[in-house]
Amino acid sequence: MKPHFHKVPSNTEQSFSIRHDIKPNFGTIWHYHPELELHYVIRGEGVRFIGDNVSNFTAGEVLLLGENLPHTWRCNQEYFQGNADLQIEAIVMQFKTDCLGNEFLNLSEAYAIKKLYEKAKKGLIIKGESAQQLKDLMQSALLASPLQRLIVLLSILELLTESDETEMITDANTFYQSNEMETVRLNNVCSYTLANYAKDIRLEDIAAIANLSTTSFCRYFKLMTHKTYNDFLTEIRVSHACRALVENRLSIEIICFESGFNNLSNFYRHFKSVKGITPLEYKKQYLKETN
């Protein structure tokens, strides 16, 4: 998807920003910005789009997104129903590569940080003990004095450079920038898909949402997302199936049809293509990890 440039609000008295969000939902547009972003989801569930990756997000997830890496989070539908007791909560830290000074990254001691910034261009999921330490550091940064905040940022960068508990999110390095019209177009496509993935979505229908011919839409979508629309739709459906599988309330057959697949063999084939394992293996693996 062609992302929309987002200007992060800046404070001339602070070298980087950190905020604690508590609100009804995530539903921001597909966007990018020059700041790196460290994102900790305290509460909330849904689907996240980062670069060319489509995956579920849940409470406890910690991600580092590199400069100009397009992204958005979209909560599950129940977060848009006006339930005051159902809210999302996150801590978001945003900082530029030169926030510690123009010459900082040229110091020999900062070489590992420079390498980290390069890795972050594909996005990183941080797991295990490293994720827990990051959560504690981010919490402490919210209440820290100005000087202490800088020390916390350095501690975060040190932890990230030394951790072996990270996983790449995207495959591609380069993503396209956009104008406002294209941003609206791709967000309309995304919103329609999330609302209707369980139905039969024809290419003609989604092309009409984008106000393009079917041929033009297919070419445009592949150029912007590095994948076909059908691949994108399959990933959305598999993400929904994954969420239903770990909730462990419905049979695999019911999950298959509620996720938009028209038969079990089709469901198993697409699920294994996206996740590398069968739905049953995915469910068993999750239950084993949580017990």
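Put simply, the side chain of Ile91 does not reach to within 4.5 Å of the side chain of Arg19, judged on heavy atoms. Side-chain contact between Ile169 and Leu69 is absent, with no heavy atoms from C-beta onward closer than 4.5 Å. Side-chain contact between Tyr229 and Leu233 is present, with at least one heavy-atom pair separated by less than 4.5 Å. Put simply, the side chain of Val238 does not reach to within 4.5 Å of the side chain of Phe267, judged on heavy atoms. Looking at Leu159 and Ser130, their side chains come closer than 4.5 Å, going by heavy atoms from C-beta outward. His270 places a side-chain heavy atom less than 4.5 Å from the side chain of Phe261.
Ion pairing between a basic and an acidic side chain is recognised when a charged N comes within 4.0 Å of a carboxylate O; Glu61 and Arg48 show such pairing. With respect to Lys127 and Glu167, a salt bridge is recorded, a charged nitrogen being found less than 4.0 Å from a carboxylate O. By the 4.0 Å N-to-carboxylate-O rule, Glu235 lies close enough to Lys227 to be salt-bridged with it.
Contact record, Thr193 with Ile201: CA-CD1, 4.3 Å, taken as the closest heavy-atom pair. Across all non-hydrogen atoms, the minimal contact from Leu36 to Glu67 is CG-N, 4.0 Å.
With Lys283 contributing its side chain and Val246 its backbone, the two residues share no donor-acceptor pair below 3.5 Å.
Tyr197 and His240 form a side-chain donor-acceptor contact under 3.5 Å, judged by distance and modelled atom types alone. No hydrogens or angles considered: nothing links the side chains of Arg185 and Asn188 as a donor-acceptor pair under 3.5 Å. Donor-acceptor pairing under 3.5 Å is recorded for the side chains of Ser265 and Asn263. For the 3.5 Å distance criterion, the side chains of Asp231 and Thr228 qualify, holding a donor opposite an acceptor.
Classified by interplanar angle (parallel below 30°, tilted 30° to 60°, perpendicular above 60°), the ring pair Phe95/Tyr117 is tilted. Classification of the Phe57-Trp73 ring pair by plane angle, with boundaries at 30° and 60°, yields perpendicular. Using cut-offs of 30° and 60° for the angle between ring planes, the Phe271 and Tyr282 rings count as perpendicular.
For Lys272, the side-chain contact (heavy atoms from CB on, under 4.5 Å) test picks out Thr278, with sequence neighbours left out. Applying the side-chain contact (heavy atoms from CB on, under 4.5 Å) rule to Glu204 yields the partners Arg202, Thr214; only residues at least two apart in sequence or on another chain are considered.
Summarising the local packing, CD of Glu253 is surrounded by 12 or fewer heavy atoms from other residues, nucleotides or ligands at distances under 6.0 Å.
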* **Worked check of side-chain hydrogen bond (donor to acceptor under 3.5 Å, both in side chains) between Ser213 and Ser216** => CA-CA 5 Å; Ser213 70; Ser216 296; 3.0 Å; yes
Just list the side-chain donor-acceptor pairs under 3.5 Å for residues 98-109, sequence neighbours left out, or say none.
unit_1 : atom_1 : unit_2 : atom_2 : d
Glu103 : OE1    : Asn106 : ND2    : 3.2

